[in-house]
Amino acid sequence: MKIHRSFSGLPDHQVTDEKIFRQRRNLVLAMGLSPLMPGLSSAATRCDESLDLGRIETPTRRYLVSHYNNYFEFSTNKEAVALLADKMSVRPWTLEIKGEVERPVRWDLEDLVSHPSRVERSYRFRCVEGWSMVVPWQGIPLCALLSAAKPTSRARFVRFRSYVDPEAMVGMQRTGLEFPYTEGLRIDEAMHPLTLLATGLYGEPLPASNGAPLRLVVPWKYGYKSAKAIVSIELIERQPETSWHRVSPDEYGFYANVDPEQPHPRWSQRRELRLGETRKRRTLPFNGYADWVADLYRGQDLARLS
Ligand SMILES: Nc1nc2c(c(=O)[nH]1)N[C@H]1C(S)=C(S)[C@@H](COP(=O)(O)O)O[C@H]1N2
Ligand SMILES: [Mo]
């Protein structure tokens with residue numbers, strides 16, 4: 001029988017164990033230095049655990065996932081995005097992780113795509129507008145990259161910036177949004193094991209319309225938090241301003257956790273239309289991920305946080 005050995009000469013399972021151990025230690029070190037915040041300890045202990053998400057609904061057809069998109073850099077017409085976004089060049093691509101970190105890093109896309117922590121995750125995805133989908137993503141848990149950069153004790157929030165290419169992105173002038181598209185998370189949300197930096201879907205590289213080559217996926221929050229085409233991740237002390245919050249602060253909050261009981265000022269959030277279906281479904285608290293993330297918000301006023 002052939003035993004696979006890695007370069008370290010250890011059988012693969014030991015290497016894995018050691019890798020997990022190192023990740024955990026780095027994470028605990030990183031998190032241990034951070035100011036105490038609700039949910040922090042649970043996020044710290046679960047970052048690198050494998051997640052049993054149970055059974056999830058049937059994935060949305062791939063064609064629908066990549067041909068009905070919000071990507072305002074290109075167009076506000078969801079059906080037009082796929083054609084327009086295809087014209088943007090995504091190679092070469094680097095992602096920088098900077099700010100309040102001991103080890104700023106730049107990743108080439110190639111190294112992310114072959115990253116040892118890559119996972120496959122099917123997640124529900126719920127847009128604030130009331131449509132939803134189920135997507136089989138491939139990607140890297142963001143915590144694996146953040147812990148490698150070693151956040152300092154001042155890192156309490158994370159800011160994500162999308163790419164700008166004024167020539168290819170022909171919709172930029174026609175929206176009220178300011179670009180680069182900017183989003184943010186609290187550090188414990190960013191370190192949560194569900195938070196993914198997606199590099200692909202349906203086993204293939206990300207379609208341009210879904211945010212190629214690299215996009216954030218935060219499945220318990222409304223879709224606008226999941227910024228596309230990410231080039232920069234910055235750890236910072238204060239809650240960052242975000243693109244949607246800036247144009248419409250009463251409608252698009254920073255936390256934006258999916259909450260059927262908290263209506264948007266202009267419509268109810270109780271139900272949603274899954275792409276490809278004809279009858280609406282009930283929207284679930286935290287988009288169905290309450291068991292994994294509700295702890296992050298213990299003791300906080302969720303009405304104000306949504
Ligand atoms: N850079 C960028 N990221 C973005 C957006 C955008 O316009 N630009 N739209 C957001 C919104 S509102 C949603 S619902 C999701 C849509 O992702 P999808 O097109 O992959 O379904 O992307 C989010 N990320
Ligand atoms: Mo959205």
Side-chain angles (χ1 to χ4, degrees), residues 59-86 88 90 93 95 121-139 159-166 168-185 195-202 204-233 242-248 251-254 256-258 264 266-267 269 272-276 283 287:
T60 303
R61 290 205 337 263
R62 200 207 119 113
Y63 186 86
L64 290 176
V65 172
S66 57
H67 289 81
Y68 186 86
N69 304 96
N70 274 338
Y71 204 163
F72 282 70
E73 287 89 329
F74 293 98
S75 175
T76 51
N77 173 351
K78 297 181 189 8
E79 276 97 4
V81 167
L83 206 67
L84 296 168
D86 241 2
M88 175 182 128
V90 299
W93 193 273
L95 167 73
R121 297 265 179 80
S122 277
Y123 284 156
R124 285 174 220 97
F125 188 98
R126 169 58 156 91
C127 172
V128 72
E129 298 163 341
W131 55 271
S132 67
M133 55 186 181
V134 172
V135 185
W137 304 103
Q138 291 80 48
R159 172 162 53 211
F160 303 87
R161 283 210 183 89
S162 297
Y163 183 62
V164 241
D165 173 352
M169 294 174 158
V170 293
M172 291 205 310
Q173 268 73 49
R174 273 170 271 154
T175 73
L177 286 183
E178 269 177 33
F179 298 103
Y181 191 93
T182 302
E183 258 305 336
L185 293 172
T195 303
L196 206 63
L197 212 51
T199 54
L201 58 81
Y202 270 106
E204 288 169 23
L206 270 188
S209 55
N210 297 104
L214 200 61
R215 68 91 59 85
L216 186 66
V217 182
V218 194
W220 71 96
K221 292 177 179 284
Y222 290 119
Y224 65 88
K225 299 299 292 180
S226 294
K228 296 177 171 183
I230 291 188
V231 288
S232 144
I233 298 180
T242 62
S243 291
W244 279 105
H245 184 261
R246 185 187 283 270
V247 282
S248 196
E251 298 188 336
Y252 306 109
F254 178 80
N257 294 319
V258 175
H264 183 279
R266 291 182 280 138
W267 57 83
Q269 294 289 25
E272 66 196 57
L273 188 63
R274 189 66 54 86
L275 299 185
T283 287
N287 205 22

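As the structure lists them, so they are numbered: ligands from 1, and atoms in each ligand from 1. Everything quoted here is computed from the prediction, not taken from an experiment.
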* Compute the ring centroids of F72 and W244, then answer whether they are less than 6.0 Å apart. => yes
Sorted by chain and number, sequence neighbours left out, side chain to side chain donor-acceptor pair (under 3.5 Å) with Q173 holds for none
Counting only non-hydrogen atoms and a 4.0 Å cut-off, the residues near ligand 1 are N69, N70, Y71, F72, E73, F125, C127, W131, M133, S162, Y181, S209, N210, R215, G223, Y224, S226, A227, K228
Residues passing the side chain to side chain donor-acceptor pair (under 3.5 Å) test with H245, sequence neighbours excluded, are E241
Taken in chain and number order and not counting sequence neighbours, the residues that satisfy side-chain contact (heavy atoms from CB on, under 4.5 Å) with T283 are R126, V258, P260, E272
Salt bridge (charged side-chain N to carboxylate O under 4.0 Å, His left out) assessment of R161 paired with E183
CA-CA 7 Å; R161 283 210 183 89; E183 258 305 336; over 6 Å; no
Between A229 and M88 the two heavy atoms that sit nearest each other are CB-CE, 4.2 Å
